[in-house]
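Read the structure below first, then the notes.
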Amino acid sequence: MFHLTIDGKNLTGSEGQTILDVARAGGIEIPTLCHDERLKPYGSCGICVVQLEGSDNLVRSCATAASDGMVVYTDNPRIRKSRQMTLELLLSDHDGDCRPPCSKACPAHTDCQGYVGLIANGKYSEATALIKEAIPVPLSIGLVCPHPCEDACRRQLVEEPIAIAALKSFAAWQDMNDLQPYQVSTKPATGKKVAIVGSGPAGLTAAFFLAKEGHQVTVYDAMPEFGGMLRYGIPEYRLPKKLLDKEIDNIRQLGVVFVPNTRVNSDISLEELHGKYDAVFLGIGAWTSSRIDCPGEDLPGVLGGIDFLRDVAMGRPVEIGSKVAIIGGGNTAMDAARTSVRLGASEVMVLYRRTRAEMPAEDLEIEEAMEEGVQFHFLVAPAEISAENGKVNAIRMQVMELGEPDKSGRRRPMPTGEEKIIAVDNIIAAIGQQVNTSGFEGLELTRWGSLAADESSFLTSLPGVFAGGDGVTGPGIAIEAVAQGKGAARAMIDYLAGKEMVYTKPYLAERQVSADDFAEKIREPRAKLKHADPVARRSNFELVSQVFDPDEAQREASRCLECGCMDYFECKLIKYAGEYQANPIRLAGAKHPVPVYGGHPYIIQDAGKCIFCSLCVRICDEVIGAASWGQVHRGFETMIQPELGLPLEITDCISCGECVNVCPTGALTARDPITKQVPLALTKTDTHCSQCSMACPQVIESYGSLQMRAVPPPGGLLCQRGRFEWKSDEKDEISRNALLPAVSWEEAAGTAVQLINKGGKWEQLADADVIFMVGSFKSSQVGAVRARAAAAGGARLVIISSEHTLVDDMAFQKISVVDNKDMWRQVLAAVLANGWYSAEYKQTHADRLSSMIIDMEGLTIGEQAVQLAEMYTRARKAMILVDGYSVDSETMGLIAEVVLMTESAESLGRIILVSSSAN
Amino acid sequence: MKLRLGMGSCGIAAGALDVWDGIKEELEQSGLDLQAAPTGCVGMCHHEPLLDVIEDDGSVYTYGKVNAERAKEIIRTHKAGKGPLEDYLVSSSLQPNEFLQAQFRVALRNCGRINPESIDEYIAAGGYQALYKVLKTMSGDDVIDELKISGLGGRGGAGFPTWFKWNATRNETGSQKYLVCNADEGDPGAFMDRSLLESDPHSVLEGMAIAAYVIGASTGVIYCRAEYPLAIKRLQIAIAQAEEKGYLGEDILGSGFHLTIRIKQGAGAFVCGEETALIASLEGERGMPRLKPPYPSEKGYWNRPTNINNVETFANVPWIINSGGAAFAAIGTTDSKGTKVFALAGKIKRGGLVEVPMGISLRDIIFKVGGGIKDDRQFKAVQLGGPSGGCIPERLLDTPVDYKSIKATGAIMGSGGMIVVDEATCMVDMARYFLDFTQKESCGKCVQCRIGTKRMLEVLERICEGNGQAGDVALLQDLAAEIKAAALCGLGNSAPNPVLTTIEYFAEEYRAHIEEKRCPAKQCKHLITFVIDPVKCKSCGICAKKCPVNCITGEKKQPYVIEQEKCIKCGTCLEVCPTKFAAVSVD
């Protein structure tokens with residue numbers, strides 16, 4: 001025992017401990033990527049460097065022995081710089097996708113791969129819960145979103161992107177119609193009050209996340225009903241308002257108060273809100289239609305696109321003629337056109353100054369508009385609107401052609417000089433919207449006339465007043481407003497907690513892929529949503545596209561290519577990269593070559609993500625004894641491969657998954673027994689494996705009701721069956737169907753295990769000087785691994801099996817017998833013949849003894865049997881490990897007899913039987 | 001009269017086998033009864049094949065660049081009493097070559113003088129007397145005291161006091177200890193160990209036997225790269241002879257001490273010269289360094305106390321025992337005692353193996369021993385310590401060769417590689433070359449070395465290709481600092497040295513590459529163009545004929561022109577253009 005100081009803390013160490021050991025025991029966390037307590041120090045990653053007082057150099061704490069009087073620093077600028085550089089070097093060579101492209105493309109970074117994966121596994125409520133970590137109104141967004149996620153989806157390199165948006169609506173729809181729809185839990189009330197101006201997607205989202213945090217939220221809206229543009233800008237046939245209302249209700253249930261018909265300016269002032277509330281969020285939207293700037297614009301019969309949609313949504317009388325022309329090529333133009341069709345216009349045309357290819361509207365919207373009979377005129381720009389009898393009767397159009405690309409990258413329309421006149425009854429100008437900032441005169445504006453707010457803190461020029469959504473960015477898509485609302489809520493939560501508001505974008509690795517990478521993928525076309533008949537659609541406002549049924553949804557979700565790293569939520573590399581703000585940009589360069597192979601049923605190697613910590617190689621060699629992984633090549637080309645370049649499945653791999661468990665990144669991941677693998681932040685539940693009588697400690701990792709993975713607890717081990725072949729449902733059933741007063745599964749299993757493992761048999765192994773291992777332990781490899789550890793600790797291991805075992809290399813002696821029963825008969829006979837039985841036995845079992853002696857007479861006793869009998873009787877403490885899968889009960893009896901005869905009834909506890917039925 | 005033919009790898013490469021046949025033929029035909037024997041390398045590799053004629057009066061005449069015919073002529077001349085034959089004479093005992101004059105030979109004392117395959121010649125030269133003395137008259141502590149007095153440091157590079165290592169292993173308890181000789185010489189351009197093992201294997205064995213006796217080891221292993229077949233062959237012969245004579249094996253010289261020595265052939269991984277990686281390799285594992293501590297003296301080969309020394313270190317030991325530690329300490333400087341063997345290579349007139357007293361200046365080695373720069377060009381720098389070392393510029397040429405002074409320049413003493421470069425060498429490219437070597441030889445274990453050196457290499461490559469960016473030098477320095485501080489072993493720690501020293505001493509060359517996209521030494525292919533001066537060109541067409549990619553065109557009486565897009569910048573045109581025209585130039 002000695003004393004040392006780590007980070008100013010006085011700690012005690014003992015001989016043989018490293019600095020890392022002492023620090024950990026003292027509650028000081030030193031980061032490391034290559035250390036495991038079960039293995040010899042290795043020191044490859046260099047993340048665990050620390051500095052010793054009086055030395056300029058850094059040392060690896062995992063490999064430096066702690067000593068008396070040492071003064072150690074585990075965190076200072078020098079150390080942080082070194083760790084940061086090391087992490088940057090690793091990241092510069094890291095080929096993978098931390099997060100999937102869909103999620104990264106989503107402005108709100110919705111975990112698309114996550115919820116698609118949950119849907120594939122049939123877990124709709126969990127999918128909804130996951131979506132609600134980003135979007136409080138998933139059904140509405142699912143229905144209206146132009147889904148940038150799908151544009152980024154790599155499945156289109158195979159055939160078509162996953163129908164991510166439709167899957168979102170599906171999950172939310174299922175959940176909404178569930179008996180117990182998902183509801184987020186809120187934190188205890190903070191007593192802080194927040195006002196939100198505007199109940200559009202930005203305001204709703206901010207309200208949701210602030211309420212979740214326990215803040216008291218009041219939402220003011222100028223309109224009679226809530227939802228902002230989702231309600232007043234999106235027609236009923238795309239988003240039925242009763243569904244929107246349900247989702248808003250859900251937010252209301254969090255305690256959010258909604259106040260309608262209250263406009264800042266006329267009904268309440270910003271000053272008042274600012275004074276009454278601890279913080280204010282402005283999500284005021286962009287509600288003013290942009291002007292087309294041509295003569296005749298102010299004539300009756302010329303309508304603003306967004307004004308037109310709002311009036312229809314409010315049920316105001318909107319009179320349109322039979323010929324309606326919409327100017328513009330965006331989604332609002334499509335909405336206006338299709339609404340006009342439904343209002344009875346017989347001839348609806350869209351006039352757009354570029355071509356179809358440049359139209360900003362979503363393809364599906366354009367197609368559906370065409371199906372509904374909307375006509376499109378391209379390369380025309382309004383020149384003058386003319387009237388007859390004070391009412392619009394025609395529009396004169398300039399014919400355009402495309403010139404050089406402009407700033408947006410689209411080719412700029414140029415007048416050709418030619419003109420066209422089109423007869424119309426109404427003109428709807430849907431060329432853009434602007435922010436109405438009246439009432440917010442005290443705030444700074446952008447040069448486009450929108451509210452000015454900081455990009456990351458969302459703060460306006462007035463402290464405590466935040467803003468986001470269209471009111472800041474100008475008109476955008478709903479999910480962008482959601483993202484703004486969420487970002488602002490996060491900033492406001494920090495603001496209300498008095499925390500500093502600093503946001504840096506964390507580094508995420510990204511893989512370059514092309515269609516060639518998916519050439520082997522089987523083509524599976526995208527599921528198509530059922531659509532209402534176009535003719536019927538023309539005369540009603542019913543929802544056009546339906547929602548998937550569960551079969552369709554699961555099939556569609558199963559198409560997901562699983563781009564995002566399965567290890568994201570556990571990856572130590574990305575965790576440390578975040579902590580040390582590592583960004584490898586300036587170190588960008590080549591990446592190490594990657595061996596290509598696959599086919600192991602449970603273990604997937606993605607070598608591009610390998611950091612060469614060699615934990616897999618070492619655990620498999622030093623602890624398991626299979627040595628299935630090896631290191632090959634030198635320099636930058638160094639890589640980890642299954643031994644001798646064989647496919648992993650034909651090495652000595654026992655599929656214990658320990659390599660996956662120790663891998664600090666996603667270089668090795670598991671194929672767990674669920675329908676679709678999906679990276680999620682999981683909850684751990686301690687239990688015990690029920691596959692055999694070893695009842696090894698097991699941790700079930702789950703997401704909601706989806707039990708995804710069984711892993712050993714830290715330092716523990718599971719065999720193939722415990723790791724990969726467990727059945728999640730069984731565990732559920734036991735606790736649910738119990739007739740007796742319910743106990744948790746963990747409690748039940750724990751009690752059972754205590755009973756099975758009475759006397760701590762496995763712990764006794766470490767104390768034995770001789771261990772007989774009877775049978776191959778092929779079905780219970782953990783038994784063999786335990787024997788390895790005991791043998792490494794000095795016990796003499798005698799293996800009695802005709803088969804190769806995992807621990808042959810550690811055997812003091814290997815006796816290859818075909819007939820185990822015969823061998824143990826001989827051993828028993830040897831004990832009898834040599835009188836090696838105990839006096840106690842002779843006394844208590846005299847008859848049995850004599851009958852056995854008669855029985856055994858004439859039996860030839862081999863040399864090996866005598867040797868075994870002698871070794872057993874002479875041992876200080878012998879343990880017998882019996883593989884119940886390969887040793888029959890008669891042999892078992894003989895073994896028990898030997899033990900009983902030479903020692904006592906208590907010593908039967910020294911037999912460890914591993915079988916499927918021992919418990 | 002006796003004959004000695006240099007038959008180290010250098011001699012053989014220069015044609016010594018033919019000469020040997022010639023000598024045999026001459027002796028057979030003339031019926032002369034002359035003793036002719038092979039010997040190792042005397043160090044004058046630039047004069048190989050070397051033939052010594054030893055007259056009966058003991059005078060030695062050394063002939064250089066000998067071929068079979070010349071050998072015959074030399075034999076006849078001497079036999080006729082008309083020797084020496086001045087034309088080919090490069091050195092004689094009366095008038096030693098300048099190359100040999102400034103040297104002081106301890107480790108190389110027998111090299112090129114005795115037949116390496118004859119234990120008798122070794123014994124005749126005083127061999128195994130030291131072992132006899134140790135076993136009969138000295139205790140282990142006595143030997144350690146003697147070594148301490150001598151000040152001998154490890155000749156593998158670090159110069160760590162040999163007595164200390166021996167003592168540490170000696171003081172470890174445990175019945176099984178090991179002795180290892182590190183003959184895994186891997187630096188490009190270095191051949192000290194090879195030459196020593198080929199020329200005088202017994203001196204290494206004798207040194208090992210003394211060490212094994214002191215530390216208490218009964219097993220010795222020589223880890224020698226498989227690329228040294230001749231060294232291995234001669235070692236095998238030497239071991240067999242020593243066992244036969246009782247200098248190795250059971251109960252050596254009746255002392256009760258026994259030692260067996262075996263050879264382990266290494267597969268040629270540079271990192272296996274690092275002692276812990278060497279041990280891993282000996283144990284059959286992948287050659288990767290292990291963490292220190294524990295040091296090999298505590299837990300080495302198979303976790304047993306192990307002492308590892310370099311070939312040259314062992315070769316010094318018998319001399320020290322025979323002559324006394326004080327005699328060794330009298331050579332050299334206060335801090336660095338004795339001598340050091342260097343493999344002199346590169347753009348130097350007299351390349352070869354030299355052994356000089358510590359403290360001699362680099363200038364003396366290069367200009368006195370080595371005779372200066374080839375073709376009388378301008379000296380630019382000398383790279384010491386191979387890829388782990390650094391380059392030292394002209395202005396530091398008076399630096400004395402001792403561990404401290406060399407280290408102060410940013411280079412290292414190393415195991416003895418000394419590469420001289422002239423003005424036509426691009427220092428950025430040279431740094432790139434060495435880093436390319438270390439990067440490829442990295443074992444891949446630690447991040448700093450595996451990825452760090454790769455990133456440095458990439459930066460150097462882009463600088464040489466004319467794509468260097470502002471900030472590249474700072475980036476190189478940042479990476480170098482991190483690698484030096486955090487790499488796991490000596491290979492990684494020292495890998496940035498060539499880059500750091502070139503940045504320090506040749507910053508201007510880096511600047512020219514990065515900012516002006518210009519290679520001052522006109523070596524970096526991407527930054528140079530070959531042009532034919534139309535006025536000077538005499539249309540001989542030789543350049544066009546020799547151009548490997550046929551990118552030079554022209555016709556009679558018309559100047560030839562190089563098609564730049566096709567040109568691979570090999571420089572052949574420049575080389576072949578007759579000097580009298582000198583029409584090709586490089587920009």
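Below, all heavy atoms of this structure are taken into account, side chains as well, without hydrogens, waters or symmetry copies. Quick note on labels: first sequence line is chain A, next is B, and so on, each numbered from 1.
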- When rounded to the nearest 0.5 angstrom, what is the spacing between NZ in B:K440 and NE2 in A:H633? 14.0 Å
- Value for OG (A:S44) from CD (B:Q448), rounded to nearest 0.5 Å, stands at 9.0 Å
Using a cut-off of 6.0 Å, state whether more than 12 heavy atoms not belonging to [X] lie near its atom [atom1].
X: B:K484; atom1: NZ; answer: yes
X: A:K81; atom1: NZ; answer: no
X: B:F164; atom1: CZ; answer: no

- Message: Could you tell me if the side chain of B:I483 sits less than 4.5 Å from the side chain of A:M85, heavy atoms only?
- Response: no
Minimum heavy-atom distance [X]-[Y], with the two atoms named:
X: A:R634; Y: B:E441; value: NH1-O, 4.1 Å
X: B:R455; Y: A:L89; value: CG-CD2, 3.9 Å
X: A:L90; Y: B:R450; value: CD2-NH2, 4.0 Å

Let me know if [X] has heavy atoms under 4.5 Å from chain A in its side chain, its backbone, both or neither.
X: B:E482; result: side chain
X: B:V459; result: neither
X: B:Q439; result: both
X: B:A481; result: neither
X: B:L291; result: side chain

- Message: Tell me whether the NZ or CZ atom of B:K445 lies within the 45° cone about the ring axis of A:Y42 and under 6.0 Å from its centre.
- Response: yes
What part of [X] gets closer than 4.5 Å to chain B, counting heavy atoms only: side chain, backbone, both or neither?
X: A:V59; result: neither
X: A:T86; result: both
X: A:H592; result: neither
X: A:S92; result: both
X: A:D93; result: both

Just give me the residue among [options] that pairs up with chain B most often, heavy atom to heavy atom, under 4.5 Å.
options: A:E637, A:R60, A:M639; answer: A:R60
options: A:A63, A:A65, A:S82; answer: A:S82
options: A:G46, A:C34, A:G43, A:G630; answer: A:G43

- Task: Output every pair passing side-chain hydrogen bond (donor to acceptor under 3.5 Å, both in side chains) with a member in residues 266-283 of chain B, not counting sequence neighbours, ordered by first then second residue.
- Result: B:Y223-B:S281, B:E274-B:T276, B:E275-B:K292, B:E283-B:R290
- Message: For residues 574-590 of chain A, give me every residue with a non-hydrogen atom less than 4.5 Å from any non-hydrogen atom of chain B.
- Response: A:R586, A:L587, A:A588, A:G589, A:A590
- Task: Could you have a look at B:T453, B:L475, B:L457, B:T438 and say which one has the most heavy-atom pairs with chain A under 4.5 angstrom?
- Result: B:L475
